[in-house]
Undergrad: 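Attaching a single structure in structure tokens format; questions to follow.
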Amino acid sequence: MTKGLTLTAVLALAMTATPALAQKTTLNIGMGSADAGKLDPHIASATPDKGLLQYMFNGLVRIKPGQVSPDFIEPDLAESWESNKAATEWTFKLRHGVQCQHDYGEFTSADAVYSLKRASNKATSSYSNDYSGVKDIEALDKYTVKITLKNPIAGFLGYVANVNGGNMVCKKAAEEMGDGFAKKPVGTGPFEFAEYRPQQYVKLVANKKYFRGEPQIKEIMYRYIPADSSRDLAFQSGELDMIYGKQDQTWYDRTAKLPDTKVVAMEPAEMSTLFLNITQKPLDDIRVREAIAYGVDRKGIVAFKGAGSSREAVSVVPSGYLGTDEYAPLFPYDPAKAKELLKEAGYPNGVTVKTIHTTLTGMQTFIEAIQAQLKKVGINLDIELVEHATYHAQIRKDLSPLVHYQAGRFPVADVYLTQFYDSASTIGTPTAVTNFSHCNVADKEIRAARVETDPVKQKELWKTAQEKIIKAVCGVPVYEQLQLWAWHTNLDLGYDLKGSLNLSPPITEKTHFVK
């Protein structure tokens with residue numbers, strides 16, 4: 001009798017313990033933001049949103065998970081593609097049978113054409129200017145898409161990759177939901193939208209019909225935790241499996257010492273630039289802009305942020321891009337020259353410049369360090385702190401004379417120069433992108449390089465454009481911040497992580513937990 005009871009108890013205990021031994025399938029991610037912004041991939045521009053959206057969407061092509069170089073472009077929704085000799089006509093053959101999430105049917109050329117036209121339309125896209133060189137987009141049949149360009153575009157495949165406007169949406173879902181699509185997105189990726197709770201989380205679930213196979217992770221809880229200390233504590237307690245790190249070296253070094261923890265400083269580095277509105281006082285005086293440039297100590301900022309996770313800017317285009325002038329004539333740190341220029345400009349007792357700035361911690365510590373540097377030369381940087389989504393909205397309304405923007409883009413000089421320095425991209429204009437400085441000094445070279453087929457001449461045009469922009473002090477590039485992330489070692493990403501153009505580690509169908 002006693003033995004029977006003991007056996008029953010053992011069996012009951014074993015049955016109770018079984019769930020604890022089951023494979024973990026929920027991934028908890030902690031993001032350093034107070035809330036989601038826009039979850040429409042053609043509108044979203046904030047780092048937290050782009051990171052989340054990559055789990056839900058595909059492009060016609062993609063950069064292999066874990067890589068950032070165009071050398072690693074591979075098929076995604078398109079299984080193959082070809083172009084004519086002039087690189088002005090591109091034909092993409094789509095995979096058969098790819099299903100849109102939430103039972104919206106098969107993804108076909110009609111969805112691809114709709115997506116690209118939507119991405120090209122300013123009313124529905126933050127990236128419309130990227131497609132200004134597109135002449136026509138058409139469906140040749142159910143699984144064939146043809147894109148005709150007005151002229152060759154440097155790095156064209158980047159515009160149809162799984163980043164920014166290249167993300168493919170499902171036509172029926174987008175049309176049915178209208179503005180609601182930004183809160184309940186539908187794509188074809190490995191994970192699909194399930195729930196959004198403001199200032200708390202977005203929940204995703206595995207897309208069982210994903211064309212590469214059902215994901216091993218069954219649920220992603222993407223939690224919004226703006227306080228670095230709170231994210232760190234939740235990570236250390238095991239409440240979170242992966243976290244967006246505080247973007248400085250001390251966090252990296254401290255977190256790397258935790259047991260069973262993997263910490264990475266991944267590409268692409270986002271470049272922090274101070275964009276100076278050349279149309280607003282006192283920044284309309286080039287001597288004031290030059291004073292700011294001379295008053296910024298790039299080496300000091302890198303020392304403050306940490307040499308293992310950051311590096312000095314080399315030009316107005318980030319280092320390592322195709323066409324970057326790695327030895328551009330940036331202004332050296334010269335406090336005496338800065339003071340002299342302010343005096344010449346009529347500000348012997350100093351000058352005040354306003355900036356609206358995000359409370360996102362890594363960026364906030366940077367602007368406070370810049371504030372301290374500029375104060376030494378007589379420039380009072382008046383910082384108005386706002387939540388990250390509000391910051392993005394207000395800087396696009398031309399409300400901030402000085403804009404600190406931290407960004408990485410597809411690694412071709414044309415993309416960065418076009419978005420930040422071509423006058424057609426000036427905020428407040430019909431074709432606005434992110435030209436906060438109202439710069440127009442290098443339009444000729446930027447636009448000529450865009451259609452130049454000789455790679456040597458193209459690079460020379462890009463080099464000249466960078467020199468002109470630096471001389472006019474449209475922007476003061478300061479440093480480049482690598483993306484800092486950490487996760488517990490029981491999480492296997494399923495690939496070797498070197499970087500991600502979406503600024504967070506991709507979670508794919510192969511990502512899983514190790515027992």
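Everything numeric here is computed off the predicted structure, so don't read it as measured data.
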Undergrad: For a quick check under 3.5 Å, do Thr358 and His388 share a side-chain donor-acceptor pair by atom type?
TA: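 Distance-only check passes for Thr358 and His388.
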
Undergrad: Answer yes when Arg450 and Asp422 have at least one side-chain N-carboxylate O distance shorter than 4.0 Å, and no when they do not.
TA: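 Looking at Asp422 together with Arg450, the answer is yes, because their closest N to O distance falls below 4.0 Å.
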
Undergrad: Please check if any side-chain donor atom of Tyr421 sits under 3.5 Å from a side-chain acceptor atom of Gln466, or the reverse.
TA: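 There is no such pair between these side chains.
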
Undergrad: Is it true that Thr418 and Asp414 share a donor-acceptor pair across their side chains at a distance under 3.5 Å?
TA: yes

Undergrad: Before accepting this row, confirm whether a basic side-chain N of the pair Lys38/Asp40 lies closer than 4.0 Å to the acidic partner's carboxylate O.
TA: no

Undergrad: Is a donor from one side chain sitting under 3.5 angstrom from an acceptor on the other, for Gln216 and Thr25?
TA: no

Undergrad: Is it true that Gln419 and Arg409 share a donor-acceptor pair across their side chains at a distance under 3.5 Å?
TA: yes

Undergrad: With a 4.0 Å cut-off on N to O distance, would you call Glu445 and Lys463 a salt bridge?
TA: no

Undergrad: Among pairs that include at least one residue of residues 48-73, which meet salt bridge (charged side-chain N to carboxylate O under 4.0 Å, His left out), considering only residues two or more places apart or in two chains?
TA: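 Residue pairs with at least one partner in residues 48-73: Arg62-Glu74.
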
Undergrad: Does a donor on one side chain sit under 3.5 Å from an acceptor on the other, for Tyr55 and Asn502?
TA: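 Distance-only check fails for Tyr55 and Asn502.
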
Undergrad: Hydrogens and angles aside, do Tyr143 and Glu79 bring a side-chain donor and acceptor to less than 3.5 Å of each other?
TA: no

Undergrad: Could you tell me which residues satisfy salt bridge (charged side-chain N to carboxylate O under 4.0 Å, His left out) with Asp141, sequence neighbours excluded, listed by chain and number?
TA: none

Undergrad: So, Asp35 and Tyr224: side-chain donor and acceptor under 3.5 Å apart, yes or no?
TA: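 Per modelled atom types, Asp35 and Tyr224 side chains form no pair under 3.5 Å.
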
Undergrad: If you measure only the distance, is there a donor-acceptor pair under 3.5 Å linking the side chains of Asn84 and Trp90?
TA: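 Trp90 and Asn84 do not have a side-chain donor-acceptor pair below 3.5 Å.
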
Undergrad: Establish, from distance only, whether the side-chain atoms of Ser319 and Glu480 form a donor-acceptor pair under 3.5 Å.
TA: yes

Undergrad: Do we see a donor-acceptor contact under 3.5 Å between the side chains of Ser437 and Asn435?
TA: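 A donor-acceptor contact under 3.5 Å links the two side chains.
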
Undergrad: Would Ser109 and Lys142 count as having a side-chain donor-acceptor pair, cut-off 3.5 Å?
TA: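 Result is no, nothing qualifies.
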
Undergrad: Would Asp443 and Ser423 count as having a side-chain donor-acceptor pair, cut-off 3.5 Å?
TA: yes

